[in-house]
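Everything on this sheet refers to the single structure shown next.
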Amino acid sequence: MPYCQSHCPLHNHIPDWLRLTAEGRLREAYDLSARTSTMPEICGRICPQDRLCEGNCVIEFSGHGAVTIGSVEKYLGDNAWKEGWVRPIEPGPATGQSVGIIGAGPAGLTAAEYLRRAGHEVHVYDRHDRAGGLLIYGIPNFKLDKSVVDRRVARIEEGGIHIHRGVEVGADVTLSELRERHDAIFVATGVYQSRELTVDGADKNGVIRAIDFLTASNRSGLGDEVAAHADGSLLAKDRNVVVIGGGDTAMDCVRTAVRQGAASVKCLYRRDRENMPGSRTEVAHAEEEGVEFLWLSGPASIEGGERAEKVQANRMQLGEPDADGRRRPVVDPSSSFALDADLVILALGFEPEPLPAIFGETGLNVDQWGTLECDENMMTSLPGVFAGGDIARGASLVVWAVRDGRDVAEHIETYLAAERKPSAAAA
Ligand code: FAD
Ligand code: SF4
């Protein structure tokens, strides 16, 4: 298997569709790309290719620069939509069984598509007013135009999948009610609890969470009235913005702040450039757009009155490796500095919300990180309840959520086929 293909979580048939594309056989190339992915033009846009397929391209290894696999995949998908080659979902013969899916993100929507094709009735429940999960309310519009997500969602609904928007499991309906309603359940609720900053002043006005900032920005881009933009509380315009964190979410925040017309945008990260978790490409884009990175710098306190005015920061040094093998940042006591900041955005990562408490199901086991515990068939501790995407693997990537949706559909199908047998025998 070529390295690009083995490093693509979906094991897309990359060399084959690249060859078909080079030969001008675009429809066949798209069909092949769609065979392994429910969202090829979405992954083509937002996968961190430098860490996946393109980072493992043999041409890259030989020093000639990788084949631009993601761009080709995006082009194939967009072109297929334009030409009308994206086929509707064709449901298989009805099984008489139904599956409830909690979460309309990439994991939930992918599973829904495969399960519908297998002939099941599929209901997706999401607490948001729009389907798409972080594709809609997390990832900024300049990376992923929302119309690209909406047309996939429309195709899913046209295929007979029922999406119930504005339904929060745990508040509007319980998990046990859904288990009675459906023959199997897939939990794909993602991870949304932001890690908090624990320094003095972190509770001042103007210290906000990345997910709130990005959701407000995406809502505004979608044409919603956003009160927090009207009152300025989640808007970077004319502000001195400091984003704390070094992952992809931090990169999305700095680049969104630039687009909102911030007076200045700085990113504070406690490790160095080589040890940051975010994509190198994203950092390069942010620097081109005028973002200033302060490497080896960590917040000591947020200063000001009721509202944040400055971030007092420490210089850091890299110490001994931690349990993950990454060198642990330690405060360099010899130097500290202050940054003007009237909007401080915390992008320190995400953890699962407190499951099983919010579902009211004590039998649903979680591991030490709060993610759902699953067996080798992706089934949780509750029979017939499966899990995948970020809520099972921790904050990850869209392409891994799509992979989980594809895999779980197979496991659910096996489970439902076994459940079907007794009634078939009785008939
Ligand atoms: P989600 O996409 O989070 O969807 C979960 C859904 O479940 C949501 O719609 C939510 O409303 C719903 N839900 C949650 N709880 C309930 C409940 N109790 N009842 C009903 N519904 C519920 N990955 C990339 O590959 N490339 C990127 O560029 C990228 N950028 C990102 C930028 C940001 C700001 C963030 C936060 C993440 C980014 N990611 C990126 C990661 C990627 O978005 C996630 O890994 C992926 O969306 C996970 O998919 P999921 O289906 O598991 O969950
Ligand atoms: Fe590369 Fe992502 Fe497409 Fe796989 S899904 S080929 S990793 S861009």
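Numbering starts at 1 and runs along the sequence shown. Whatever order the structure lists them in is the order used to number ligands and atoms, beginning at 1.
Residue E54 does not touch ligand 2, judged by heavy-atom distances below 4.0 Å.
Close approach of ligand 2 to L52 (heavy-atom distance below 4.0 Å) involves ligand atoms 7 (S). If you number the atoms of ligand 2 from 1 as listed, the ones under 4.0 Å from a heavy atom of V399 come out as 5 (S). Counting atoms of ligand 2 from 1 in the listed order, those under 4.0 Å from a heavy atom of I14 are 6 (S). Short contacts between ligand 2 and C8, defined as distances under 4.0 Å to a heavy atom of the residue, involve ligand atoms 4 (Fe), 5 (S), 6 (S), 7 (S). Residue C43 approaches ligand 2 through these ligand atoms, each under 4.0 Å from one of its heavy atoms: 5 (S), 8 (S). Close contacts of ligand 2 with N12, meaning ligand atoms under 4.0 Å from a residue heavy atom, involve 3 (Fe), 4 (Fe), 5 (S), 6 (S).
Not one N or O on the side chain of E309 forms a donor-acceptor pair closer than 3.5 Å with the backbone of G304. With hydrogens and angles disregarded, no donor-acceptor distance shorter than 3.5 Å links the side chain of R195 to the backbone of Q193. D248 places a side-chain N or O within 3.5 Å of a backbone atom of S279 that can act as its donor or acceptor partner. Between the side chain of Q97 and the backbone N or O of L416, at least one donor-acceptor pair lies under 3.5 Å. Although no hydrogens or angles enter the test, the distance criterion places a donor-acceptor pair under 3.5 Å between the side chain of D183 and the main chain of S98. With R27 contributing its side chain and W85 its backbone, the two residues share no donor-acceptor pair below 3.5 Å. At distances below 3.5 Å, not a single donor-acceptor pair connects side-chain atoms of D272 with backbone N or O atoms of L296.
Close placement of the H128 and Y137 rings is indicated, their centers lying within 6.0 Å of each other.
Annotation: side chain of V148 is in contact with side chain of R45 (closest heavy-atom distance under 4.5 Å).
Ordered by chain and residue number, the residues placing a heavy atom less than 4.0 Å from ligand 1 are I46, I102, G103, A104, G105, P106, A107, Y125, D126, R127, H128, G133, L134, G138, I139, K143, V167, E168, V169, A188, T189, G190, Y192, L214, T249, D252, F350, F359, G389, D390, S396, L397, V398, A401.
Atom CD of E225 is surrounded by 12 or fewer heavy atoms from other residues, nucleotides or ligands within 6.0 Å.
The closest protein non-hydrogen atom to atom 1 (Fe) of ligand 2 is C53 SG, 2.3 Å. Distance from atom 2 (Fe) of ligand 2 to its nearest protein heavy atom, with residue and atom name: C47 SG, 2.4 Å.
Atom 3 (Fe) of ligand 2 sits nearest to atom OE1 when only the N, O or S atoms of E73 are considered.
A cation-pi arrangement, defined by a distance under 6.0 Å to the six-membered ring centre and an angle within 45 degrees of its axis, is present between R259 and F142.
For atom 1 (Fe) of ligand 2, the N/O/S atoms of C4 include none lying under 2.8 Å.
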